[in-house]
Structure formats: C-alpha cells, structure tokens
Amino acid sequence: MTDLKPVRVFLEVAAEKSFAQAARNLAMTPASVTRIVARLEQDLGQQLLVRTSRQVALTAAGARVAARFGPIVADFDRAAEDLDRALRPDRGVLSVNVPMSLGQRLMPGLISAFRLAYPNVQLKVTLADRLIDILKEEVDLAIRISAPPTDKSTIWRRICAVPRHVVAAPSLFDRVPRPATPGALNPALCLSYSGSGSAEHWHFARDGETRSITAGKDVICNNGDVLLGLACDGVGMTLLPDFLTVDALASGAVEHVLPEWEVAPLSLGIFYPPYDTLPPLVATFTEFFEAYLQDEAGFDFRPARRSE
C-alpha cells in the first residue's frame, strides 16, 4: 500500500470514534471519509470499524491495523519533517528552548524580527529555567546562560560572555554593615540562584587574589527575576547577570556590592543535539540570533533601545 491517505483517514476516525469529527479535523466531507474507509476495508478484505447509531468502534482487525500502521505513519511524518527541515534553510518548523528571564526580555523582539525575515518558518518557543534533556524533549536548539557543559552528548556553541555582579538595595545597608571583602559577606543575606535546591557558590577575584563563599540556604530560587525583586525589596544580596540588573541599577533600586572584586562571567551559548552538521534551518536561526545580539549592543534590553 503506497498511498498513506486512506490509512491516515482511518486512523483519524479510530482516534475520534466519529466519522463526522474526523471529517472536521481533516477538512473533508463525512461522505468522503466514509468512502475512503470503505475502500480501505475493501482493499484489505477486512471490516475495520463497527458503526452504530451512537459511536464508531474498532473491530479486532481494525485494532490490529491501527496498532501497526499508527507508529508507521507517525515515523513517516517525523522523517518527512526532518528531511524538509534538513533541506530548507528558510522554511519548516523550529523548536527553541530559552531560559525564562532571558526569553522574556529577548524573544519578543527577536521573534518579530525573525518572522519578518523568514515568514515561512514556524517557531515553537518554550521558556524554562531548568536544564532540559534536549534529546528526549526533541528540541532543535536550546539557548542557555551557564558555564561550559560537561555533557558530551550535546554540541555547545559559545556566543558571548555574560558579565555578572552581586547587587543589593541601598536600604539593606541601613540595617546591616556594608561588606568590604568577600569574607565579610553574611551568607544568610546571600540569596542563591540554583535549579537543584543547593546553595550557590560565589567566587571572587582581585589583583590575583581569590576568595570564595557559599551563599545562604534561607532563600534558593531558580529564577533571576524573582531574586532581583527580593534584592530590590532589601531582603538580601544576589549574584545576577548584568542584563537582568541594568534597569534596577539605573534607577537606583539596587547597587553593586564589592564592585572592586570580579566574578567570572557566564557564557551565553546554544546547545544542539549531536548533529553531524547543523541542519540549514538551525544554522539560519543561529546566524540570525548572533546578529541580533550584536545589534542589541551587549544585552541592553531596555525598551527605549528597541524603540529607537
């Protein structure tokens, strides 16, 4: 059987248990659906469906056909989609995963610009702060701000550095002493960014001297915006990327703590499944993403810049 359409129609009827609903889903007439299924039954020499006044049910033969052909059709569709994506750099479906805070700031403008340039590309964008399994969740690429990965099952492409600093509200130092060195930091006032629930480690350097502390366990969160809000409220200090804190610093809601001590930047990178070569559509998005970041001039996501 080389024509998959009769099988697709039969599988839709079997899934919906209704000729009428299957017809609506497939944008066909009920008569056409009935005729195609009847022809399939004739070709196979088996009754596949039992029609009653209230519902449609599978016969034993129909259940076997659905069980065998359902996965085959699904595999065929995935293979066809992968082939189409592999051959076309400017059309197809692209699945992208982005961290929550970065995605909220970056993706609206990026998606708008990308859609203007590539109107035939369908984007499926998910936001998540957790480290996803890029293979299991069938994502074409994942944008991440992190240290270089240790997982060898994925490909990682570094885009640029992401500076970060410890910040706190000026009001915090109305009630506690302002620390002069990393060793003077009170861990109970250091709010941890962590997706695992463990306290964060902060590493400082100055003129060849290094110091490290373990942040507190009283507040641990996996979202930078939440931690920034807590810092603005004077709850404590937190170590965050500069693109998150730029507006709060400009308004005076927070200030740098220990500004003379450096914290190693994170890296903004893209994780890919283990492609032999990047599919053209993935390469197209990657190039566009890098160019867009350069145009945004170093993670300055203030709305005023985008409206200029």
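These numbers come from a predicted model, not from an experiment. Along the sequence shown, residues carry numbers from 1. Atoms considered below: every heavy atom in the structure, side chains included; atoms not considered: hydrogens, waters and symmetry mates.
In this structure, Leu172 CG and Asp233 CG are separated by 11.5 Å, a value rounded to the nearest 0.5 Å. Within the model, atoms CD of Gln122 and CG of Leu281 stand 10.5 Å from one another, a figure rounded to the nearest 0.5 Å. Of the inter-residue distances, the one linking Leu106 atom CG with Phe243 atom CZ reads 8.5 Å to the nearest 0.5 angstrom. Considering CG of Leu239 and CZ of Arg164, their distance stands at 4.5 Å, rounded to 0.5 Å. Expressed to the nearest 0.5 Å, how far CG of Leu49 lies from CD of Gln55 amounts to 11.0 Å. From Leu4, atom CG reaches atom CZ of Phe10 across 14.0 Å, with rounding to the nearest 0.5 Å.
None of Thr34, Leu40, Ile36 except one satisfies the side-chain contact (heavy atoms from CB on, under 4.5 Å) rule with Val9; the exception is Ile36.
When atom types are taken as modelled, the side chain of Arg115 and the backbone of Val121 share a donor-acceptor pair closer than 3.5 angstrom. Formation of a donor-acceptor pair under 3.5 Å by the Tyr272 side chain with backbone atoms of Ile155 is not found in this model. Distance alone, capped at 3.5 Å, places no donor-acceptor pair between the Thr238 side chain and the Leu228 backbone. With hydrogens and angles disregarded, a donor-acceptor distance shorter than 3.5 Å links the side chain of Asn186 to the backbone of Ala188. Remark: the backbone N or O of Trp156 is not paired with any side-chain donor or acceptor of Arg158 at under 3.5 angstrom. Proximity of a side-chain donor or acceptor of Arg175 to a complementary backbone N or O of Gly234 within less than 3.5 Å is detected. A donor-acceptor pair under 3.5 Å is absent between the side-chain atoms of Glu16 and the main chain of Ser18, judged by distance alone. Of the possible donor and acceptor atoms, none in the side chain of Thr245 sits under 3.5 Å from a partner among the backbone N and O of Ala248. Ser112 places a side-chain N or O within 3.5 Å of a backbone atom of Pro108 that can act as its donor or acceptor partner.
Summarising the local packing, CD of Glu260 is surrounded by more than 12 heavy atoms from other residues, nucleotides or ligands at distances under 6.0 Å. Counted within 6.0 Å of CD on Gln47, heavy atoms from surrounding residues, nucleotides or ligands total more than 12; the atom is thus considered enclosed. For Arg68, the CZ atom sits in a loose shell: 12 or fewer heavy atoms of surrounding residues, nucleotides or ligands are nearer than 6.0 Å.
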Query - Verdict with supporting geometry, Arg144 and Asn97, side-chain contact (heavy atoms from CB on, under 4.5 Å) - result: CA-CA 8 Å; Arg144 280 291 175 269; Asn97 183 268; 2.5 Å; yes
Query raised in the report: Could you walk me through whether Lys124 and Val96 pass the side-chain contact (heavy atoms from CB on, under 4.5 Å) check?
Result: CA-CA 6 Å; Lys124 296 182 179 179; Val96 181; over 6 Å; no
Query - Steps toward salt bridge (Lys or Arg N to Asp or Glu O under 4.0 Å) verdict (Glu200, Lys217) - result: CA-CA 9 Å; Glu200 188 178 18; Lys217 298 181 180 179; over 6 Å; no
Report task. Test side-chain contact (heavy atoms from CB on, under 4.5 Å) on Phe271 and Leu141 and set out the steps. Result -> CA-CA 6 Å; Phe271 288 77; Leu141 61 93; over 6 Å; no
Requested in this report: Decide yes or no on side-chain contact (heavy atoms from CB on, under 4.5 Å) for Met100 and Asn222, but give the supporting numbers first.
Outcome: CA-CA 10 Å; Met100 188 70 67; Asn222 71 337; over 6 Å; no
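Taking hydrophobic clusters as Ile, Leu, Val, Met, Phe, Trp and Tyr residues chained together by side-chain heavy-atom distances below 4.5 Å, Leu266 shares a cluster with Phe289. Cluster annotation: Leu58 is not connected to Ile72 through the hydrophobic network of ILVMFWY side chains, with a link wherever side-chain heavy atoms come within less than 4.5 Å. The hydrophobic clustering, which links ILVMFWY residues whose side-chain heavy atoms are closer than 4.5 Å, places Leu227 and Ile220 apart. Linking ILVMFWY residues whenever their side-chain heavy atoms come closer than 4.5 Å, directly or via other members, places Val7 and Val65 in the same cluster. Hydrophobic clustering of Ile, Leu, Val, Met, Phe, Trp and Tyr side chains at less than 4.5 Å, counting indirect connections, unites Leu240 with Val162.
Taking 4.0 Å as the cut-off between side-chain N and carboxylate O, Glu41 and Arg39 do not count as a salt-bridged pair. A salt bridge does not link Arg105 to Asp247: none of the charged nitrogens lies less than 4.0 Å from a carboxylate oxygen. By the 4.0 Å N-to-carboxylate-O rule, Glu12 lies too far from Lys17 to be salt-bridged with it.
Side-chain contact check for Lys5 versus Arg8: every heavy-atom pair is 4.5 Å or farther apart. The shortest side-chain heavy-atom distance between Val56 and Val50 does not fall under the 4.5 Å cut-off. In this structure the side chain of Pro182 reaches within 4.5 angstrom of the side chain of Trp261, judged on heavy atoms. A heavy-atom distance below 4.5 Å is found between the side chains of Phe204 and Leu258. Counting heavy atoms from C-beta outward, Leu102 and Leu268 have side chains that approach closer than 4.5 Å. A 4.5 Å side-chain heavy-atom check between Val263 and His203 finds every atom pair outside the cut-off. Within the 4.5 Å cutoff, no side-chain heavy atoms of Ile213 are placed close to those of His201. Between Val167 and Met237 there is no side-chain heavy-atom pair separated by less than 4.5 Å.
Closest of all the heavy-atom pairs between Cys232 and Ala253 is SG-CB, 4.0 Å. Residues Gly70 and Leu11 share a closest heavy-atom pair of CA-CD1, 3.8 Å. Nearest approach of Tyr193 to Asn223, heavy atoms of both residues: CE1-N, 3.7 Å. For Pro163 against Ala161, the heavy-atom pair with the smallest separation is CD-O, 3.7 Å. The two residues Ser101 and Gly224 make their nearest non-hydrogen contact at OG-N, 4.0 Å. Taking both residues in full, the closest heavy atoms of Pro99 and Ile145 are given as CG-N, 4.4 Å, listed atom of the first, atom of the second, then distance.
A donor-acceptor contact closer than 3.5 angstrom is absent between the side chains of Asp140 and Ser95.
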